[in-house]
Amino acid sequence: GDKRGLYYAAVCLLEGVGTQTDPKRAVQLLQASAKQGYANASLRLGICYLDGTGIAQSAVKAFHHLSDAHALGNATAAYYLGTLYRDGTGVPQDDTLSAKYFKEGADADVPAACYQYALCLIHGRGVPADVTLAASYLHRAAEGGVPEAQYALGSCYEFGDGVRTDLCEAVRLYTLAAQAGNRDGQNNLAGCLLYGRGCRKDTAAAVELLKKAADAGHAGACYRLGLCYENGVEVEQNLRAAAARYAEAARLGDAHAKYRLGKLYLAGTGVAKDEQKGASLCTAAAMAGCLQAQYDTYLLYRSGTGVAR
């Protein structure tokens, strides 16, 4: 059959458009289309091999088909090749090649590639670090609807990284990310709403956002929600609930949550008093870089509270 017809029939079978899904048959059609040199079929076939959709998963075969698609001029294939080299999947890990492919995809306006190339520029991964240039690629990714990029660009505007500080623009971008379900965006938008940064203060809306993100396992949101319960911000003050949220955040690695939970154990508020456990948590927070915890840990050792003097 015609290579385009084979491809579109395969897409219908993969996505259940006008028919029941049949991934195995879809892969057969993609293989037939790819053999005729259709770039989109090679791309989709490579993705099937990556995901194990309709065929046995094979990173090596995925690389082969994605390379074919790339050679035929498919820009999205450059993005996928970048991810393979970034992760060392089916190929030796290579940050330089990863950045090269991400840039190629980004310069062809593939939103996901714009985001990934921005990360390369932020972290100096495979290219020299350049936060200003990274922000320009984040703009393109955000405009292309990538929630992670909307959050990251919002952070740039909030803290002036690579762009002029603009809290209103930060809030706009965090809102877009939050509406798309991005937990980082929800957490940062909540932070702005709690203190009226770049928007009207709305603690009720902030707490609702924190609950969504915290329930999805976001460490920072768990910590902030713990603060709300500890201080009675838009919720009834509940030290047990505060301790529970701090414990969730601490388990996820949040240093400030370890410190706050440690303080509750030291005082016996919301939890049974346990000076040894409290001192251990404060020490862990201090070692993770929490400045308040570092000072308090010094005082604990000086007084011998929960630790040997």
Side-chain angles (χ1 to χ4, degrees), residues 147 150-152 154-160 165-274 277-279 281-282 284-286 288-297 299:
Q150 291 163 348
Y151 155 72
S155 183
C156 289
Y157 275 109
E158 183 174 6
F159 300 106
T165 300
D166 186 335
L167 294 179
C168 292
E169 180 64 3
V171 168
R172 185 186 76 82
L173 288 159
Y174 288 152
T175 301
L176 291 174
Q179 288 172 343
N182 182 272
R183 304 310 178 193
D184 289 319
Q186 290 170 347
N187 180 54
N188 280 30
L189 178 59
C192 292
L193 290 167
L194 277 173
Y195 304 108
R197 286 173 53 81
C199 58
R200 181 178 296 177
K201 186 176 180 177
D202 188 339
T203 51
V207 168
E208 287 306 307
L209 283 166
L210 289 175
K211 285 180 178 178
K212 282 184 182 179
D215 289 344
H218 190 283
C222 289
Y223 166 65
R224 276 184 167 147
L225 191 55
L227 287 175
C228 291
Y229 277 115
E230 186 175 0
N231 298 299
V233 178
E234 286 301 329
V235 290
E236 185 176 345
Q237 188 179 39
N238 186 330
L239 295 178
R240 282 190 177 183
R245 289 299 187 176
Y246 288 148
E248 290 176 44
R251 179 177 53 80
L252 293 166
D254 190 284
H256 295 285
K258 291 176 184 178
Y259 169 65
R260 291 305 313 158
L261 184 59
K263 294 287 283 185
L264 292 182
Y265 273 109
L266 287 166
T269 51
V271 290
K273 187 170 183 177
D274 187 332
K277 190 168 186 176
L281 284 163
C282 286
C290 177
L291 294 179
Q292 289 175 300
Q294 289 169 0
Y295 179 69
D296 278 15
T297 299
L299 295 179

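On a predicted model such as this, the values are computed, not experimentally measured, just so you know.
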Original post:
Would a 4.5 Å heavy-atom cut-off, applied to side chains only, mark Q237 and N231 as touching?
Top reply: no
Subject >> For K211, all residues meeting side-chain hydrogen bond (donor to acceptor under 3.5 Å, both in side chains), sequence neighbours excluded >> reply: none
Original post:
Which heavy-atom pair separates A213 from A221 by the least distance, and what is that distance?
Top reply: CB-CB, 3.5 Å
Subject >> Note, K263 side chain near T269 side chain (heavy atom, < 4.5 Å) >> reply: no
Original post:
Side chains of L173 and Y157: closer than 4.5 Å at any heavy-atom pair?
Top reply: yes
Original post:
Looking only at heavy atoms, what is the nearest atom pair of A286 and A293, with distance?
Top reply: N-CB, 3.6 Å
Original post:
Any Lys/Arg nitrogen of R245 or D215 sitting under 4.0 Å from an Asp/Glu carboxylate oxygen of the other?
Top reply: yes
Original post:
Do Y265 and L281 come close enough that some side-chain heavy atom pair is under 4.5 Å?
Top reply: yes
**OP:** Hey, could you give me each pair passing salt bridge (charged side-chain N to carboxylate O under 4.0 Å, His left out) that has a residue in residues 168-195? Not counting sequence neighbours.
**Re:** E169-R172
**OP:** Report yes if the side chains of Q179 and L176 come closer than 4.5 Å at any heavy-atom pair, otherwise no.
**Re:** yes
**OP:** Enter the distance from Q186:CD to L193:CG here, rounded to the nearest 0.5 Å.
**Re:** 11.5 Å
Original post:
With side chains defined as the heavy atoms from C-beta onward, is the minimum distance between Y174 and C192 less than 4.5 Å?
Top reply: yes
**OP:** Report the C-alpha distance between V235 and V207 in whole Å, list the side-chain angles of each, state the deciding distance to 0.1 Å, and finish with yes or no for side chain to side chain contact (heavy atoms under 4.5 Å, CB included).
**Re:** CA-CA 8 Å; V235 290; V207 168; 3.9 Å; yes
**OP:** Kindly give the heavy-atom pair with the smallest separation between C222 and E248, and that separation in Å.
**Re:** SG-OE1, 3.5 Å
Original post:
Nearest 0.5 Å, what's the OH-CG distance between Y259 and L291?
Top reply: 10.5 Å
Subject >> Pairwise side-chain contact, N188 with E158, heavy-atom cut-off 4.5 Å (strictly under) >> reply: yes
Original post:
What is the distance from atom OH of Y246 to atom CG of L225, rounded to the nearest 0.5 Å?
Top reply: 9.5 Å
Subject >> Point-to-point distance, once rounded to the nearest 0.5 Å, from CG of L299 to SG of C282 >> reply: 10.0 Å
Subject >> Nearest non-hydrogen partners of L252 and A219, listed with the distance >> reply: CB-CB, 3.6 Å
Original post:
What heavy-atom pair brings L266 and A279 nearest, and what distance separates the two atoms?
Top reply: CD2-N, 4.0 Å
**OP:** Start with the C-alpha gap between E230 and R260, add the side-chain angles, then the distance that decides, and say whether side chain to side chain contact (heavy atoms under 4.5 Å, CB included) holds.
**Re:** CA-CA 10 Å; E230 186 175 0; R260 291 305 313 158; 2.4 Å; yes
**OP:** Check whether any side-chain heavy atom of L167 sits under 4.5 Å from a side-chain heavy atom of C199, and report yes or no.
**Re:** no
Subject >> Positive for side chain to side chain contact (heavy atoms under 4.5 Å, CB included) with L194, one of L209, L227, D202, L210 >> reply: L210
Subject >> Non-hydrogen atoms of A285 and K258 that approach each other most closely >> reply: CB-CB, 3.9 Å
